[in-house]
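So the structure is just underneath, and the comments pick up after that.
Small disclaimer: the values here were computed from a predicted structure and weren't measured.
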Amino acid sequence: MLLYICAAGVLAGIAFRPGDGQFSWLEVALLIVLLPAGLAALPIAYGLGAAAWSVNGGAEHGSTWIVTAVFVALAVITSAVNAWLYHLLFRHAKRRRDPNADQLASH
């Protein structure tokens with residue numbers, strides 16, 4: 001799971017790198033990688049991204065590295081939430097398949 005979280009952060013850093021103002025298919029790939037929590041995080045990501053953009057003065061007056069940093073942080077947080085959700089899902093599926101699995105593992 002740590003590899004997944006790191007990969008999401010690297011992909012976000014590349015997709016939203018400073019100086020790249022054009023739409024990129026890497027952004028679409030990032031959204032797909034961040035599903036399902038990525039959908040819930042979209043309003044937060046764009047709200048915080050817009051706030052970072054306005055605080056920084058936009059592309060004309062400042063560097064866009066802070067916007068990239070915000071998107072990387074949000075991608076890492078969102079992928080960590082996904083990892084937790086997947087863990088819960090797999091644990092629930094394992095319990096349904098073998099109700100005594102947790103009891104055996106604890107002894």
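The shortest non-hydrogen separation linking Ala12 to Phe71 is CB-O, 3.9 Å. Minimum heavy-atom separation, Leu11 to Ala29: CD2-C, 4.1 Å. Closest of all the heavy-atom pairs between Val33 and Ala8 is CG1-CB, 4.5 Å. When all heavy atoms are compared, the tightest approach of Glu27 to Ala15 is OE2-O, 3.8 Å. Here the closest heavy-atom approach between residue Ala52 and residue Val70 is recorded as CB-CG2, 3.8 Å.
Transitive grouping of hydrophobic side chains (ILVMFWY, heavy atoms separated by less than 4.5 Å) brings Trp65 and Trp53 into a common cluster. Clustering ILVMFWY residues whenever any of their side-chain heavy atoms sit less than 4.5 angstrom apart, transitively, puts Val67 in the very cluster that holds Val76. Cluster annotation: Leu88 and Val81 are assigned to the same hydrophobic cluster (Ile/Leu/Val/Met/Phe/Trp/Tyr, side-chain heavy-atom contacts under 4.5 Å, transitive). The hydrophobic clustering, which links ILVMFWY residues whose side-chain heavy atoms are closer than 4.5 Å, places Leu34 and Leu48 apart.
Separation of atoms CG (Leu85) and CG (Leu35) is listed at 12.0 Å; rounding is to 0.5 Å. Atoms CZ and CZ, on Arg95 and Phe90 in that order, are 15.0 Å from each other to the nearest 0.5 Å. Remark: Ile77 CD1 to Ile5 CD1 distance equals 11.0 Å, nearest 0.5 Å.
In Leu3, the CG atom is not crowded: 12 or fewer heavy atoms of neighbouring residues, nucleotides or ligands sit closer than 6.0 Å.
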- Task: Test side chain to side chain contact (heavy atoms under 4.5 Å, CB included) on Phe16 and Leu30 and set out the steps.
- Result: CA-CA 10 Å; Phe16 296 102; Leu30 180 64; 3.7 Å; yes
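Side-chain contact between Trp84 and Ser79 is absent, with no heavy atoms from C-beta onward closer than 4.5 Å.
Taking the six-membered ring where the residue is Trp, Phe23 and Trp25 present perpendicular rings, their angle passing 60° and hence far from 30°.
Of the possible donor and acceptor atoms, one in the side chain of Arg17 sits under 3.5 Å from a partner among the backbone N and O of Ile14.
Screening residues 4-16 for side-chain hydrogen bond (donor to acceptor under 3.5 Å, both in side chains) gives Tyr4-Asn82 as the qualifying pairs, with residues at least two apart or on separate chains.
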